[in-house]
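This report refers to the structure that appears directly beneath it.
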Amino acid sequence: MELKVLGQEEATVSKGCSAGSCGSNDDQMSHLSEEIRQKVYNHPCYSEEAHHYFARMHVAVAPACNIQCHYCNRKYDCANESRPGVVSELLTPEQAVKKTMAVAATIPQMTVLGIAGPGDPLANPERTFHTFRELSEKAPDIKLCVSTNGLALPESVEELAKHNIDHVTITINCVDPDVGAKIYPWIFWENKRIHGREGAAILIEQQQKGLEMLVAKGILVKVNSVMIPGVNDEHLKEVSKIVKSKGAFLHNVMPLIAEAEHGTFYGVMGQRGPNAKELQALQDSCAGDMNMMRHCRQCRADAVGLLGEDRGSEFTLDKIENMEIDYDAAMVKRSRIHEGIRQELESKRASKTEQTIVQLNPGKTYRPVLMAVATSGGGVINQHFGHAKEFLVYEASQNGVRFISHRKTDLYCGGGDTCGDGESVLAQTIRTLEGCEAVLCSKIGYEPWGLLEEAGIIPNGEHGMEDIEEAVMAVYQEMIENGKLDEAEDAQASKVSA
Ligand code: CLF
Ligand code: SF4
């Protein structure tokens with residue numbers, strides 16, 4: 001069967017790339033210029049498709065920060081790119097280079113090295129650029145990536161371009177200083193603290209200037225925004241429009257995570273974060289103007305592995321200390337594996353043809369359906385229901401399949417062939433799937449099967465090792481054939497869970 005996979009609006013992308021595809025896959029990739037496709041096809045954050053195959057790693061070399069965000073506690077990693085409440089081990093640039101080469105040699109799918117904290121990388125220019133400089137010499141096949149609050153960006157653009165850094169993330173939470181004053185209590189600027197609206201205005205100006213300068217250099221810019229209900233949620237639509245008009249490649253709207261135990265201003269004040277439904281609604285309304293990233297995992301400043309997994313504990317300083325690394329040999333292996341993945345992706349695209357579901361019952365309209373998928377990567381359904389730490393949520397409709405979000409869960413199954421222990425955690429897992437009408441996995445135990453059915457979710461273990469989008473569409477087609485969607489001929493909106 002042939003599928004059409006949907007994502008953001010189609011558009012021709014030229015220099016500076018303002019639209020087209022990136023949150024997602026094949027159809028979208030085909031609209032990118034060759035130059036940009038080369039930059040994003042193996043970057044797990046800039047391409048939704050790539051995140052099934054390629055890994056990233058972060059090195060925590062940048063301790064200082066030049067601003068204060070109300071969602072940040074300086075004891076922890078920069079919450080602009082990381083989950084708050086997580087502490088990373090600070091590395092020297094030399095340690096960071098060694099660790100990166102060790103990971104690259106061990107995990108050939110690791111294609112991107114990012115610096116995202118624990119403070120702001122550009123507030124620590126010596127440490128950040130020392131790391132980039134050495135890596136671009138010693139491991140030239142690794143893409144370099146950086147995430148910043150943008151205050152020191154304009155003065156850093158030349159240096160970023162010099163090191164061939166093709167991917168820069170700026171966290172832009174507002175373009176209005178009055179909104180900014182509610183998010184940033186102060187910035188450190190020209191050797192003094194500047195508070196409130198005045199500080200926010202300088203930050204916004206620097207961010208916008210930096211964005212324009214990067215785009216002019218042909219560097220791909222992703223904009224992260226933290227969605228803070230009641231503070232900047234409505235305003236982010238305006239932010240999305242403006243950053244798109246200035247040439248940003250991708251917009252990643254992330255949920256505020258504010259817990260009192262993190263000791264942040266918002267956490268202590270009881271500022272809530274958005275629920276999944278609110279986040280999706282905002283992402284959808286921004287998507288009319290902008291490519292949206294929906295697969296961000298808010299990873300930590302020392303994360304290693306595919307998005308959604310963290311293999312950092314395999315590469316602690318004591319473990320890498322004694323590793324012998326033949327990086328020339330590793331590069332040969334890496335390039336062979338990358339070529340294999342590229343060929344696999346190309347052949348997948350070539351095998352997809354126009355999907356036929358609409359012709360199944362011409363003249364009828366069926367509502368979209370959300371389905372959860374258990375996968376550990378590779379773009380296929382390959383995970384046991386009870387082993388899934390997260391589920392990917394896709395929407396199937398007569399227009400095709402599109403990725404919507406991921407939902408984290410706690411493991412309830414310790415392994416083996418049976419699922420069933422820890423029923424309350426299982427019940428919790430099923431609650432996280434609320435709004436989904438089917439769950440696709442490689443295998444599932446008797447007990448969760450029954451509980452899912454009771455919750456109105458169809459368990460499905462029949463598509464193990466199949467391509468995710470094809471399997472999702474096959475199940476959607478079965479639902480139509482079995483008359484499960486007949487009641488919705490007048491196309492009610494899909495049930496989107498909170
Ligand atoms: Fe790291 Fe960020 Fe580069 Fe990716 S993460 S610096 S762009 S390599 Fe990616 Fe992680 Fe989300 Fe960041 S999933 S938090 S968006
Ligand atoms: Fe914290 Fe990052 Fe904001 Fe700095 S930019 S205050 S490290 S969240």
Side-chain angles (χ1 to χ4, degrees), residues 22-23 39-40 42-48 50-51 54-60 62-88 100 110-124 128 132 142-153 165-173 180 183-188 199 203 207 219-226 249-258 262-266 292-310 390 406:
C22 33
K39 288 183 180 175
V40 301
N42 66 354
H43 194 308
C45 304
Y46 282 67
S47 157
E48 195 272 321
H51 101 281
F54 294 105
R56 55 70 186 103
M57 70 174 288
H58 289 163
V59 285
C65 190
N66 46 8
I67 69 171
Q68 178 65 56
C69 306
H70 272 326
Y71 44 75
C72 178
N73 176 344
R74 299 304 182 87
K75 277 198 304 197
Y76 304 123
D77 289 354
C78 174
N80 281 337
E81 185 85 356
S82 315
R83 272 189 310 284
V86 171
V87 190
S88 295
T100 305
M110 193 281 283
T111 47
V112 178
L113 177 276
I115 300 184
D120 185 77
L122 301 183
N124 302 262
T128 295
F132 282 147
I142 297 176
K143 282 185 159 67
L144 303 176
C145 191
V146 69
S147 173
T148 176
N149 62 41
L151 184 64
L153 184 54
I165 292 158
D166 275 336
H167 302 81
V168 174
T169 296
I170 316 172
T171 299
I172 300 181
N173 293 322
I183 302 171
Y184 307 105
W186 56 260
I187 66 166
F188 195 73
L203 177 64
Q207 290 171 335
I219 295 174
L220 293 188
V221 181
K222 172 164 74 64
V223 169
N224 280 1
S225 298
V226 181
F249 181 74
L250 192 59
H251 192 191
N252 174 24
V253 177
M254 311 185 297
L256 171 75
I257 303 172
H262 297 158
T264 62
F265 177 83
Y266 281 152
M292 301 305 293
M293 177 181 187
R294 296 172 193 259
H295 59 283
C296 174
R297 304 301 202 275
Q298 290 175 278
C299 25
R300 38 191 298 167
D302 60 358
V304 174
L306 291 172
L307 303 191
E309 73 173 5
D310 195 350
E390 63 172 17
H406 70 282

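As the structure lists them, so they are numbered: ligands from 1, and atoms in each ligand from 1. The chain is numbered in sequence order, starting from 1. Note that these values count all heavy atoms, side chains included, but never hydrogens, waters or copies made by symmetry.
Ala116 and Cys78 make their closest contact through O-CB, 3.8 Å (heavy atoms, listed as atom of the first residue, atom of the second, distance). The minimum heavy-atom distance between Pro44 and Val112, with the atom names listed, is CD-CG2, 3.8 Å.
Protein heavy atom closest to atom 10 (Fe) of ligand 1, with residue, atom name and distance, is Cys299 SG, 2.0 Å. Counting protein heavy atoms only, atom 5 (S) of ligand 2 is closest to Asn80 ND2, 3.1 Å. Protein heavy atom in closest approach to atom 1 (Fe) of ligand 1: His58 NE2, 2.1 Å. Closest protein heavy atom to atom 15 (S) of ligand 1: Lys222 NZ, 3.1 Å. Of all protein heavy atoms, the one closest to atom 4 (Fe) of ligand 2 is Cys65 SG, 2.2 Å. The closest protein non-hydrogen atom to atom 3 (Fe) of ligand 2 is Cys69 SG, 2.3 Å. Counting only heavy atoms of the protein, atom 14 (S) of ligand 1 lies nearest to Glu81 O, 3.1 Å. What sits closest to atom 2 (Fe) of ligand 2 on the protein, heavy atoms only, is Cys78 SG, 2.2 Å. Closest to atom 1 (Fe) of ligand 2, if we only count protein heavy atoms, is Cys72 SG, 2.2 Å. The nearest heavy-atom contact from the protein to atom 8 (S) of ligand 2 is Ala79 N, 3.3 Å. Nearest non-hydrogen protein atom to atom 9 (Fe) of ligand 1 is Cys45 SG, 2.3 Å. Of the protein's non-hydrogen atoms, the one nearest atom 13 (S) of ligand 1 is Arg297 N, 3.5 Å.
Each of the following atoms of ligand 1 lies closer than 4.0 Å to a heavy atom of Cys145: 3 (Fe), 6 (S), 7 (S), 8 (S). Each of the atoms 8 (S) of ligand 1 lies under 4.0 Å from some heavy atom of Val112. Set against the non-hydrogen atoms of Leu307, the atoms of ligand 1 under 4.0 Å away are 13 (S). Close approach of ligand 2 to Asn149 is summarised as follows: ligand atoms under 4.0 Å from at least one heavy atom of the residue are 5 (S).
Side-chain contact of Asn66 with Asn149: a donor-acceptor pair under 3.5 Å is present, judged by distance alone. Defined by atom type and a distance below 3.5 Å, a donor-acceptor pair is missing between the side-chain atoms of Asp166 and Tyr46. For the residue pair Thr169/Lys222, the side-chain donor-acceptor check at 3.5 Å is satisfied.
One N or O on the side chain of Arg56 and one on the backbone of Gly305 form a donor-acceptor pair closer than 3.5 Å. In this structure, His58 contributes its side chain and Arg300 its backbone to a donor-acceptor pair below 3.5 Å. Checked by atom type and distance alone, the side chain of Thr111 pairs as donor or acceptor with a backbone atom of Asn42 at under 3.5 Å. Side chain of Asp310 to backbone of Ala303: no donor-acceptor contact under 3.5 angstrom is found.
Heavy atoms of Met57 stay at 4.0 angstrom or farther from ligand 1.
Within the 4.5 Å cutoff, the side chain of His251 has no heavy atoms near those of the Ile172 side chain. With a 4.5 Å cut-off on side-chain heavy atoms, Arg294 and Glu48 do not count as touching. No side-chain heavy atom of Thr171 sits less than 4.5 Å from a side-chain heavy atom of Gln207.
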* Asked: Where do Asp120 and Thr148 land on the side chain to side chain donor-acceptor pair (under 3.5 Å) test, with the steps shown first?
  -> CA-CA 6 Å; Asp120 185 77; Thr148 176; 3.1 Å; yes
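Only the side chain of Met293 comes within contact range of ligand 1, with a heavy atom under 4.0 Å; no backbone atom does. By the criterion of a heavy-atom distance under 4.0 Å, neither the backbone nor the side chain of Asp120 is placed next to ligand 2. Within the 4.0 Å heavy-atom criterion, neither part of His167 lies near ligand 1.
Distance check for Cys296 against atom 11 (Fe) of ligand 1: an N/O/S atom falls below 2.8 Å.
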